[in-house]
Number of protein chains: 2
Amino acid sequence: MNLQCETCPVRDSAACAVLTPEERDAMAAAGRTRTLRRGEMLFAAGDEDAACATLVSGALKVSAIDADGNEQILALVHPSGFIGELFAPFAHHDVVALTESKLCTFARGDFERAIDDHPALTRALLRRSQEDLLATRALLELTGHASAEARLAALLHDFAAAASQSSCHLAAEFDLPLTRGEIANMLGLTIETVSRKLGDLEDSGAIARKGKRGIEVLDPALLHDISGR
Amino acid sequence: MNLQCETCPVRDSAACAVLTPEERDAMAAAGRTRTLRRGEMLFAAGDEDAACATLVSGALKVSAIDADGNEQILALVHPSGFIGELFAPFAHHDVVALTESKLCTFARGDFERAIDDHPALTRALLRRSQEDLLATRALLELTGHASAEARLAALLHDFAAAASQSSCHLAAEFDLPLTRGEIANMLGLTIETVSRKLGDLEDSGAIARKGKRGIEVLDPALLHDISGR
DNA sequence: CGGCAGTTTGACACAATTCAATAACAGTGG
DNA sequence: CCACTGTTATTGAATTGTGTCAAACTGCCG
């Protein structure tokens, strides 16, 4: 399907927002929208000419499979995020939809041409790339030293912050975008530990569990405190 | 001191290599060289207007200090690497010299101007930024699931690869650029565990220790095997 | 020589994993 | 609607890898 930039929910926040309307229309002609269902893969590690894409809605995970076949989640992608390995000959990681997701995809070659033609776009991607770098380093910091409970508290805190649009406040209630197994993979823990520590956090009064996915933040300050940041 | 690009050892591999000689000379006029001794800091987390720099020789570490005052090393910077938070209002991490290091520094404003003026430079930085991202994710992958011994083996493997110029072969012998404490911080372990596991690796015949800093790789295949990648 | 920073080694404690069993749930089809 | 099946989550008990604490050792520089 062709792109409909006029009605795109991330038209002001995605990388393409820096383009003039004319430039944007030119790019739109090369792009296609695509919808992924939960669990569907955008591309796999090793793929050549993996597509470039902007996430319009939903959520993706970037993950690697280690030697023993265990998945490790390296990053989450939220709407207006960019995905694509522009300079590597092949993709280094898998990219999979966590929920039903809409993307705006471009062939690698088309996107590289756009970068050459539009310095502002390159600049926007550089900015985004640096933000990704900071996010990855934040995760590294977290998984490096912190206890299981602190890691989990920090992740819940981040999710709560992401769920509320007003970056400074936490959402009082939200649904986990990840299964227990995915949370475990992301934090370098096991499913069982995640389950147990969620129980502990509930006992401590920081959160309440609403069914399998739902989380209610009862005490944001306590949650922040446990996360140790 | 003014820049001497003609004799710069990284003039072909650093970001500025993409500039024409004229453009490069223009940039050189805005830059200054700087030498850091081991332990000296380029900038600290929280600094405003932290400088941008290309590492000419030596090695740097990028690290964060967590709530309890523990250092966590997030990345190492090798010659031709770029350091600088271009879009953030302040630096997120500390940057410290691991060995005597020569850098080529620019004021933030000057560098931002250069980016606006030279699309090729922006592109080069984007490429570098993506490589940094991959390197950080590789470290994340490592510290996520692997055992202490596997982490250490992988780190030694990386160092041995970095020490030999011919990327595909390992150096037979090299000096650790990090103290035990720094290795521990980087891998999310303790000094004691690093020390013990180094002993185990020596017992297994993979390596031999030559004094405090020196490492001899006796069995590269075994080392790679233990690292589990 | 003494002092200091970095390293190694040992004994012990504990947090998180592993193994194992049960429970809640989401689909699917009768 | 309910039973059936696979997936995901919870809970328990035992194990173990790594951290913690403490002490001794090394090399180096003043």
Side-chain angles (χ1 to χ4, degrees), chain A residues 37-39 61 66 68-73 96 98-100 142-156 175-204 207-215 226 228, chain B residues 37-39 61 66 68-73 96 98-99 142-153 155-156 175-204 207-215 226 228:
Chain A
R37 316 219 2 225
R38 170 170 173 76
K61 64 178 174 184
D66 70 15
D68 333 327
N70 297 111
E71 179 186 37
Q72 159 94 347
I73 297 182
V96 175
L98 289 169
T99 64
E100 172 137 340
L142 190 67
T143 55
H145 288 295
S147 70
E149 196 163 7
R151 295 182 204 188
L152 199 51
L155 191 71
L156 292 180
D175 276 356
L176 288 169
L178 303 173
T179 65
R180 300 289 186 272
E182 285 166 335
I183 294 172
N185 284 331
M186 189 158 179
L187 298 179
L189 302 171
T190 59
I191 287 185
E192 295 93 325
T193 304
V194 171
S195 197
R196 275 187 257 271
K197 294 303 169 187
L198 270 178
D200 292 352
L201 286 174
E202 188 163 32
D203 292 347
S204 76
I207 62 163
R209 282 182 283 189
K210 303 282 181 181
K212 278 192 165 175
R213 287 290 176 104
I215 296 286
I226 295 174
Chain B
R37 318 224 354 230
R38 171 170 172 76
K61 64 177 174 184
D66 70 16
D68 333 327
N70 298 112
E71 179 186 35
Q72 159 93 346
I73 297 183
V96 174
L98 289 169
T99 65
L142 190 65
T143 55
H145 287 296
S147 70
E149 197 164 6
R151 295 182 204 188
L152 198 52
L155 191 70
L156 292 179
D175 277 355
L176 289 170
L178 304 173
T179 66
R180 301 287 186 274
E182 286 166 334
I183 294 173
N185 284 332
M186 189 158 180
L187 298 178
L189 302 170
T190 60
I191 289 185
E192 295 94 325
T193 303
V194 170
S195 196
R196 274 188 257 271
K197 295 303 169 186
L198 270 179
D200 292 351
L201 287 174
E202 189 162 32
D203 292 346
S204 76
I207 63 165
R209 282 182 282 189
K210 302 282 182 180
K212 280 191 168 178
R213 287 287 176 108
I215 296 286
I226 295 175

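Excluded from the calculations below are hydrogen atoms, water molecules and symmetry mates; all remaining heavy atoms, backbone and side chain alike, are included.
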- Message: The criterion is salt bridge (Lys or Arg N to Asp or Glu O under 4.0 Å); which residues satisfy it with B/Arg209, sequence neighbours excluded?
- Response: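 Checked B/Arg209 against salt bridge (Lys or Arg N to Asp or Glu O under 4.0 Å); matches are B/Glu202.
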- Query: Got a sec, which residues hit salt bridge (Lys or Arg N to Asp or Glu O under 4.0 Å) with B/Lys212, two or more places apart in sequence or on another chain?
  - Reply: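 Partners of B/Lys212 under the salt bridge (Lys or Arg N to Asp or Glu O under 4.0 Å) test: none.
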Rounded to the nearest Å, what distance is computed from the [atom1] atom of residue [X] to the [atom2] atom of nucleotide [N]?
X	N	atom1	atom2	value
A/His145	D/dT20	NE2	C1'	15 Å
A/Asp200	D/dA9	CG	P	17 Å
A/Asn185	D/dA9	CG	P	12 Å
A/Leu176	D/dT8	CG	C1'	13 Å
A/Leu187	C/dA15	CG	C1'	16 Å
A/Glu202	D/dA9	CD	C1'	13 Å
A/Arg213	C/dA26	CZ	P	10 Å
B/Leu198	C/dT9	CG	P	10 Å

- Query: Do A/Thr179 and A/Arg213 have side chains that get closer than 4.5 Å, going by heavy atoms?
  - Reply: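 A side-chain contact under 4.5 Å exists here.
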- Query: Are any of the side-chain heavy atoms of B/Leu198 and B/Leu156 separated by less than 4.5 Å?
  - Reply: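 The answer is yes, as the side chains (C-beta and beyond) meet within the 4.5 Å cut-off.
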- Task: Between protein and nucleotides 11-18 of chain D, map the contacts as a letter string: B base, S sugar-phosphate only, - none, heavy atoms under 4.0 Å, written 5' to 3'.
- Result: BBB----S
- What is the per-nucleotide protein-contact pattern of nucleotides 25-30 of chain D, from the 5' end, where B denotes a base atom under 4.0 Å from a protein heavy atom, S denotes such proximity for sugar-phosphate atoms only, and - denotes neither? -B----
Quick one: list whatever passes side chain to side chain contact (heavy atoms under 4.5 Å, CB included) with [X], sequence neighbours left out.
X	result
A/Glu192	A/Thr190, A/Arg196
A/Asp200	A/Glu149, A/Lys197, A/Asp203
B/Ser195	none

- With sequence neighbours excluded, tell me which residues meet side-chain hydrogen bond (donor to acceptor under 3.5 Å, both in side chains) with B/Thr143.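 Checked B/Thr143 against side-chain hydrogen bond (donor to acceptor under 3.5 Å, both in side chains); zero matches.
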- Test applied, side-chain contact (heavy atoms from CB on, under 4.5 Å); reference residue, B/Asn185; option that passes from B/Ile73, B/Leu178, B/Asn70: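 Considering B/Ile73, B/Leu178, B/Asn70, a side-chain contact (heavy atoms from CB on, under 4.5 Å) with B/Asn185 is found only for B/Ile73.
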- Message: If we ignore hydrogens and angles and just use 3.5 Å, is the side chain of A/Arg151 paired with the main-chain N or O of A/Ala146 as donor and acceptor?
- Response: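 Such a contact is found between A/Arg151 side chain and A/Ala146 backbone.
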- Message: Distance check, rounded to the nearest 0.5 Å: A/Lys61 atom NZ versus A/Gln72 atom CD?
- Response: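 Answer rounded to 0.5 Å: 11.5 Å.
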- Global bending angle along the helix from C/dC1-D/dG30 to C/dG30-D/dC1, which compares the axes of five pairs at either end, to 10 degrees: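 About 30°, once rounded to a multiple of 10°.
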